[in-house]
Amino acid sequence: MSRLYGDPIEVWTRDGEPAQFVWRDRLYSVRAVVDHWVVAREWWKTTETDPGERRFWRVQASPHRQVGTYELRFDTASAGWLLLRAWD
C-alpha cells in the first residue's frame, strides 16, 4: 500500500540521479533507482525558456537498515523537489 505526501525535500544528486534526500529530518540513502520518467505539459511552463517538465524517480532508499520505496519529483521551473509517495 502507498501513501501520498507531497512534502518538500532536500536532495543530493550523483550523475543526475537522486543519491540522498532529507525527509522529515531524516537522511535517506538511495540504494537503487527503480524507475525514472519525465512528464512535460505546456500549462506547467512559467516562462518561454521553461520546458514545463516534472521529472520523477521511484527509488529504494533507507535512513537505516530497513529499505522502503519512495517516489520523488523534481520541478524544472522551481528547481524544487517533493516526496510524493511512499510504499509500506
Side-chain angles (χ1 to χ4, degrees):
M1 172 156 69
S2 69
R3 292 192 177 120
L4 296 174
Y5 292 98
D7 293 345
I9 57 174
E10 188 172 353
V11 176
W12 290 268
T13 61
R14 184 179 313 120
D15 298 325
E17 294 185 338
Q20 294 181 314
F21 61 93
V22 173
W23 179 47
R24 297 185 174 176
D25 297 324
R26 295 177 101 181
L27 177 64
Y28 288 74
S29 295
V30 174
R31 307 290 185 203
V33 173
V34 178
D35 199 3
H36 173 250
W37 65 98
V38 178
V39 177
R41 299 284 188 258
E42 188 67 29
W43 50 271
W44 280 340
K45 289 185 171 193
T46 58
T47 65
E48 283 297 316
T49 58
D50 177 11
E53 289 181 352
R54 304 300 185 265
R55 298 177 186 169
F56 297 84
W57 281 266
R58 186 163 297 145
V59 300
Q60 291 180 334
S62 67
H64 303 295
R65 290 184 188 170
Q66 186 176 1
V67 176
T69 302
Y70 303 89
E71 189 172 291
L72 314 178
R73 185 187 87 183
F74 178 73
D75 181 341
T76 57
S78 68
W81 287 88
L82 295 176
L83 186 135
L84 294 179
R85 185 182 306 251
W87 281 263
D88 294 338

When hydrophobic residues are tied together by side-chain contacts of less than 4.5 Å, even through go-betweens, does [X] share a cluster with [Y]?
X     : Y     : answer
Trp23 : Trp12 : no
Leu72 : Tyr5  : yes
Phe74 : Val33 : yes

Distance check, rounded to the nearest 0.5 Å: [X] atom [atom1] versus [Y] atom [atom2]?
X     : Y     : atom1 : atom2 : result
Thr69 : Arg85 : OG1   : CZ    : 12.0 Å
Thr76 : Arg54 : OG1   : CZ    : 6.0 Å
Trp87 : Tyr70 : CH2   : OH    : 11.0 Å
Glu10 : Leu27 : CD    : CG    : 9.5 Å

Can you name the nearest heavy-atom pair linking [X] to [Y], along with the distance?
X     : Y     : result
Arg31 : His64 : NH2-O, 3.4 Å
Pro18 : Val11 : CB-CG1, 3.9 Å
Gln20 : Val30 : N-CG2, 4.1 Å

Are the side chains of Tyr28 and Ile9 in touch, meaning some heavy atoms are under 4.5 Å apart?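 No; the side chains remain at least 4.5 Å from each other.
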Quick check on the 6.0 Å ring-centre criterion: do Trp81 and Trp57 meet it? yes
Tell me if the CZ atom of Arg24 is crowded by more than 12 foreign heavy atoms within 6.0 Å.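 Yes, the 6.0 Å shell around CZ holds more than 12 heavy atoms from other groups.
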